[in-house]
Amino acid sequence: MTKPNRVFNFSAGPSMLPLSVIEDAAANLADYKGCGQSVMEMSHRSKEFGKIIEDAEANLREIMNIPDNYKVMFLQGGGTLQFAMVPLNLLRASKKADYVVTGSWAKKAYQEACKYGDIRVIASSEEDTYTYIPKFSKDDIRPDADYVYVCYNNTIYGTHFNEVPDTGDIPLVADMSSCILSEEIDVSKFGLIFAGAQKNVAPAGVTIVIAREDLLGFADKKVPTYLDYKIHADKDSMYNTPPCFPIYIAGEVFKLIKEMGGVPAMHAADVAKAEKLYNYIDSSALFKGPVAKEDRSLMNVVFVTGDAELDKKFVAQAKEEGMVNLNGHRTVGGMRASIYNAMPMEGVDKLIAFMKKFEEENK
Ligand SMILES: *Cc1c(COP(=O)(O)O)cnc(C)c1O
């Protein structure tokens with residue numbers, strides 16, 4: 001097979017997938033492992049797909065070390081539907097929940113939850129354009145809150161929680177859409193974790209939900225059936241037709257991570273990539289990182305020149321060199337290099353070399 005001519009895609013999502021997974025999926029596309037049909041066509045109730053989804057769950061449990069009292073679900077609707085499913089299921093006693101607003105995704109989640117209960121913001125960095133993770137303590141949380149909500153990695157602003165907030169006995173809910181499988185996480189410290197797949201796992205279409213069992217089963221009778229976690233948990237994500245193909249690719253990625261040394265190996269590679277890039281930015285006279293150093297994300301590296309026209313020129317020239325989607329989010333401008341697990345060091349090296357050349361040419 002000739003080597004495909006691929007760009008380095010620095011998009012925040014959908015983003016790069018491991019080439020070996022894409023090529024293996026391509027080789028099995030028309031005839032998946034000799035069963036005469038593709039995963040896109042087969043029944044979700046077939047023996048073949050049954051094995052795909054069971055293996056995907058087992059491998060995810062293994063690489064994330066998910067305790068037995070947690071359910072794993074493969075759902076649709078993206079991270080966005082979780083903004084509603086979380087309150088619809090977890091506002092189960094006082095109907096109060098406390099939110100930490102660290103970016104646009106956290107704010108959207110907060111606004112959605114406000115439709116369903118007594119929701120309060122206990123910490124926010126909105127006034128400083130979300131350039132850091134605001135501090136809060138257990139004392140800021142209402143003692144009868146049904147849960148506390150955080151967005152663990154802020155994809156747009158490039159910030160990340162560097163330790164799990166202590167919420168005592170109150171379940172902690174975390175949106176890990178853009179950092180799942182990039183660091184070891186003690187799942188037992190969370191009530192619920194969710195992640196849309198298209199950042200670090202698979203193509204868009206599947207959302208992973210990991211939920212402590214005792215938190216399920218409290219949705220109001222009027223909650224649509226599909227939005228009740230308990231339904232999906234009891235049916236092993238087969239209540240209705242699941243997103244078969246994205247689940248298959250997610251499963252292949254989980255297998256690959258296992259083969260490569262698990263999440264610790266991913267983390268080590270992610271740290272090496274991010275450190276190289278941040279070190280260069282810190283040494284540069286042209287590029288600046290607006291994020292508080294201690295809260296920097298390993299996955300989404302935000303930087304600016306301070307000149308919007310120059311930023312635009314950078315993004316356009318990088319594209320010509322085969323490095324695409326380096327523009328910052330449309331709401332913040334500047335640049336953002338998303339360097340998820342599947343971005344090879346080669347891509348980061350090429351980016352840094354280009355940044356140096358650009359700096360030299362635009363002094
Ligand atoms: C991308 C993203 C979302 C939204 O995901 P969709 O699948 O597009 O709904 C939510 N939260 C975070 C942290 C994200 O990065």
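Start at 1 and go down the list; that is how both ligands and their atoms are numbered. Please read all numbers here as calculations on a predicted model, not as lab measurements.
The G79 neighbourhood of ligand 1 comprises atoms 5 (O), 6 (P), 7 (O), 9 (O), with distances under 4.0 Å to a heavy atom of that residue. Each of the following atoms of ligand 1 lies closer than 4.0 Å to a heavy atom of T155: 12 (C), 13 (C), 14 (C), 15 (O). Those atoms of ligand 1 that come under 4.0 Å of a heavy atom in F83, given as number and element, are 10 (C). The G78 neighbourhood of ligand 1 comprises atoms 7 (O), 9 (O), with distances under 4.0 Å to a heavy atom of that residue. Close contacts of ligand 1 with C151, meaning ligand atoms under 4.0 Å from a residue heavy atom, involve 13 (C).
Open room surrounds OH on Y239; 12 or fewer heavy atoms of other groups in view lie less than 6.0 Å from it. No more than 12 heavy-atom neighbours from other residues, nucleotides or ligands sit within 6.0 angstrom of CD on E163.
Atom 1 (C) of ligand 1 has as its closest protein heavy atom K199 NZ, 1.5 Å. For atom 11 (N) of ligand 1, the closest heavy atom belonging to the protein is D175 OD2, 2.6 Å.
Nearest heavy atom pair, residue D140 against residue D98, reads O-OD2, 4.1 Å.
In this structure, F190 has its ring center at least 6.0 angstrom away from the ring center of Y70. Separation of the Y157 and H329 ring centroids does not fall under the 6.0 Å cut-off.
In F194, neither the side chain nor the backbone holds a heavy atom less than 4.0 Å from any atom of ligand 1.
Polar contact with ligand 1: present for T80 (N/O pair, distance under 3.5 Å).
Salt-bridge check for E252 with K255: passed, with a basic side-chain N closer than 4.0 Å to an acidic carboxylate O.
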Practice prompt. List the steps and the verdict of side chain to side chain donor-acceptor pair (under 3.5 Å) for D307 and T305.
Written response: CA-CA 5 Å; D307 173 346; T305 63; 5.4 Å; no

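The closest approach between any non-hydrogen atom of Q198 and ligand 1 is below 4.0 Å.
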